[in-house]
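Take a look at the structure below.
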Amino acid sequence: MAKKLFLLAIVIPLFASLVAGRCTDQRDVVIRNLRTYARGSVYGSNLNLLFDRLITTTGYDHVGSGSNRVYGFSECYGSPNCRSCLLAAVNSIRSAAPRAIGARICKALCYLRYENYRI
């Protein structure tokens with residue numbers, strides 16, 4: 001019995017760390033590119049489309065072409081509330097990094113990043 005408890009004490013925290021946090025950034029902190037895009041620009045419109053797509057389907061994606069192309073990535077860590085976590089991530093980025101050409105945030109159950117270059 002003690003041997004089983006000992007193994008559980010090792011395996012459960014290891015498994016939890018694998019599932020609950022793959023990103024290495026500090027939680028709930030937006031890390032942003034200091035360059036910005038112009039209000040009403042094609043890049044901004046493409047970013048809005050990309051956010052919609054990354055919330056709906058996780059993984060890598062891009063929208064646009066040339067200098068107006070926006071690359072993004074999103075993932076969730078086993079959360080049944082993936083969409084709500086990613087929506088909160090988008091709202092955090094929009095609030096903390098308005099019009100940044102790139103930003104990322106690591107939340108407790110999801111990760112979201114976008115850039116003006118391939119990631």
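Taking both residues in full, the closest heavy atoms of S74 and L54 are given as OG-O, 2.9 Å, listed atom of the first, atom of the second, then distance. Of all non-hydrogen atoms in C106 and R27, the two that sit nearest each other are SG-NH1, 2.7 Å. Contact detail for A88 and K107: the closest heavy-atom pair is CB-CE, 4.0 Å.
Using a 4.5 Å cut-off between side-chain heavy atoms of Ile, Leu, Val, Met, Phe, Trp and Tyr, with links allowed through other members, L112 and Y71 fall into different hydrophobic clusters. Under the 4.5 Å side-chain heavy-atom criterion for ILVMFWY residues, a single connected hydrophobic cluster contains both F73 and Y117. In the hydrophobic cluster analysis, where Ile, Leu, Val, Met, Phe, Trp and Tyr join through side-chain heavy atoms closer than 4.5 angstrom, V70 is grouped together with V30. I93 and Y111 fall into different hydrophobic clusters, defined by Ile, Leu, Val, Met, Phe, Trp and Tyr side-chain heavy atoms under 4.5 Å apart, directly or through other members.
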Name the atoms and distances for all side-chain donor-acceptor pairs under 3.5 Å in residues 42-51, with sequence neighbours left out.
residue : atom : partner : partner atom : Å
Y43     : OH   : I101    : O            : 2.5
Y43     : OH   : N116    : N            : 3.4
S45     : OG   : S41     : O            : 3.4
N46     : ND2  : N68     : O            : 2.7
N48     : OD1  : R94     : NH2          : 2.9
N48     : ND2  : G44     : O            : 3.4

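Counting only residues at least two apart or on different chains, no side-chain hydrogen bond (donor to acceptor under 3.5 Å, both in side chains) pair has a member in residues 30-40.
The SG atoms of C76 and C110 sit 2.5 Å or more apart.
Scored by the side chain to side chain donor-acceptor pair (under 3.5 Å) test, R53 finds D61 as partners (sequence neighbours excluded).
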Derivation of the side chain to side chain contact (heavy atoms under 4.5 Å, CB included) call for T56 and R83: CA-CA 7 Å; T56 304; R83 184 174 168 78; 3.9 Å; yes
Stepwise side chain to side chain contact (heavy atoms under 4.5 Å, CB included) check, C82 with L109: CA-CA 7 Å; C82 180; L109 299 173; over 6 Å; no
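Taking CZ of R113 as the start and OH of Y60 as the end, the distance is 8.5 Å to the nearest 0.5 Å. Note that CG of D52 is 12.0 Å distant from CG of L86, once rounded to the nearest 0.5 Å. Note: L87 CG to N81 CG = 11.5 Å, rounded to the nearest 0.5 Å. To the nearest 0.5 Å, atoms CD1 (I31) and CZ (R104) are separated by 4.0 Å.
When atom types are taken as modelled, the side chain of S95 and the backbone of N91 share no donor-acceptor pair closer than 3.5 angstrom.
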